[in-house]
Amino acid sequence: MPITIRELHRWDLTPAEAIALQHELAPQIDTATPLPLDDLRLVGGIDVSVRDNISRAAVVVLSYPALEVVERITAAIPTPFPYIPGLLSFREGAVIVDALRQLRATPDVFIVDGQGIAHPRRIGIASHIGLWIDVPTVGCGKTRLTGTHEPVPPAKGAWTPLIDHGEIIGGVLRTREAVHPVFVSVGNRATLETALELVLRCTTRYRLPEPIRAAHNTAGQSDAAPPGQLPLW
DNA sequence: GCGACAG
DNA sequence: ATCTTGTCGC
């Protein structure tokens, strides 16, 4: 049973229209429903790579708690929008949806490479994608877009709140001892506490959670691609 | 006007 | 994101 995808709007907008749309959509995000952490079966990872003006999206579904790949989908289109901080959705959203339309599995939650509500208008790409599908989403970024935070203790699992204008918009989480923390925030249909717990449970021996690593490797950047990986493209 | 700024 | 080799540290 594939996931549901709703055509909320067109993606080819001007920056001004995109910002207006974000103001309109942000209020629709659900940040109060806990993730079903005790009933997880499948967790999806989403990432996009850009090369020679072509954007490639990768959606990888892993079993939980085994974290083994059960499905891998990709899609590619000419990069439609420039990179503008705060408007990443309009650069990567369309190709991600293209990939999601091909998905056969039904993940319980998706972890997206980027911010959820830890965004100037509280609607980063993880939240935006979350509004298009009937599945919870969590944002996990490698760096900060907005907000401030206290230093994060060095122990794995430690975290400090990411605050913007007095509001807690996410958590800066240490996924590995003495390694740069990641920025976790609610995408849609999740709470910060359960989002942080999900990212921790999906992290094994690396800084980033497995779903994101798998998607990153599949989307392009053959960085830590395990040896022996033959048919990719 | 001057910095900050996911991927 | 992407351009790029070797190198330092746990």
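Every chain is numbered from 1 and lettered A, B, ... according to where its sequence line falls, protein lines coming before strand lines. Owing to the predicted nature of the structure, the values given are computational and were not obtained by experimental measurement.
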*Asks:* I'd like to know if the side chain of A:T79 pairs up with that of A:S55 as donor and acceptor (distance under 3.5 Å, no hydrogens or angles considered).
*Replies:* yes

*Asks:* Tell me whether A:D164 is salt-bridged to A:R122, with the criterion being a basic N under 4.0 Å from an acidic carboxylate O.
*Replies:* yes

*Asks:* Between A:H216 and B:dG7, does any side-chain N or O lie under 4.0 Å from OP1 or OP2?
*Replies:* no

*Asks:* Would you indicate what A:G139 reaches in the nucleic acid, counting non-hydrogen atoms under 4.0 angstrom: base, sugar-phosphate, or nothing?
*Replies:* nothing

*Asks:* Kindly state which residues belonging to residues 117-133 of chain A come within less than 4.0 angstrom of DNA chain B, counting heavy atoms of the residue only, listed by number.
*Replies:* A:H119, A:G124, A:I125

*Asks:* Could you walk me through whether A:H9 and A:W132 satisfy the side chain to side chain donor-acceptor pair (under 3.5 Å) test, starting with their C-alpha distance in whole Å, then the side-chain angles of each, then the deciding distance to 0.1 Å, before giving a yes or no?
*Replies:* CA-CA 9 Å; A:H9 57 74; A:W132 274 67; 3.3 Å; yes

*Asks:* Strictly below 4.0 Å: does A:S49 bring a side-chain N or O up to OP1 or OP2 of B:dG7?
*Replies:* no

*Asks:* Has A:Y83 got its ring stacked on B:dG7, by the test of a centre gap below 5.5 Å and a plane angle below 30°?
*Replies:* yes

*Asks:* Applying a 4.0 Å non-hydrogen cut-off, can you work out what A:I46 is touching in the nucleic acid: base, sugar-phosphate, or nothing?
*Replies:* nothing

*Asks:* Under a 4.5 Å cut-off applied to non-hydrogen side-chain atoms, are A:L208 and A:H216 in contact?
*Replies:* no

*Asks:* Tell me the interatomic distance from A:N53, atom CG, to B:dG7, atom C1', rounded to whole angstroms.
*Replies:* 15 Å

*Asks:* Are side-chain heavy atoms of A:R174 and A:W159 found at a separation under 4.5 Å?
*Replies:* no

*Asks:* Requiring both pairing distances under 3.5 angstrom, list the stems that contain DNA chain B and are made of three or more consecutive Watson-Crick or G-U pairs.
*Replies:* none

*Asks:* Rounding to a whole Å, what distance do you find between A:R51:CZ and B:dG7:P?
*Replies:* 20 Å

*Asks:* Expressed in angstrom and rounded to an integer, what is the separation of A:Q115 atom CD from B:dA4 atom C1'?
*Replies:* 14 Å

*Asks:* Any side-chain heavy atom of A:R207 within less than 4.5 Å of one from A:K142?
*Replies:* yes

*Asks:* Over all heavy atoms of both residues, which pair between A:L145 and A:G86 is shortest? Give the atoms and the distance, please.
*Replies:* CD1-N, 4.4 Å

*Asks:* To the nearest Å, how far apart are A:L208 CG and B:dG7 C1'?
*Replies:* 13 Å

*Asks:* Between atom CD1 of A:I29 and atom CD1 of A:I123, what is the distance when rounded to the nearest 0.5 Å?
*Replies:* 4.0 Å

*Asks:* Less than 4.5 Å apart, any side-chain heavy atom of A:V43 and any of A:V61?
*Replies:* no

*Asks:* Over how many whole Å does the gap from A:R144 atom CZ to B:dC5 atom C1' extend?
*Replies:* 8 Å

*Asks:* Quickly work out the A:E177 CD to C:dG9 P distance and round it to whole Å.
*Replies:* 17 Å

*Asks:* Between B:dG7 atom P and A:D47 atom CG, what is the distance in whole Å?
*Replies:* 9 Å

*Asks:* Rounded to the nearest Å, what distance is computed from the CG atom of residue A:L145 to the C1' atom of nucleotide B:dC5?
*Replies:* 7 Å

*Asks:* So, is A:K142 near the phosphate of B:dG7, with a side-chain N or O under 4.0 Å from OP1 or OP2?
*Replies:* yes

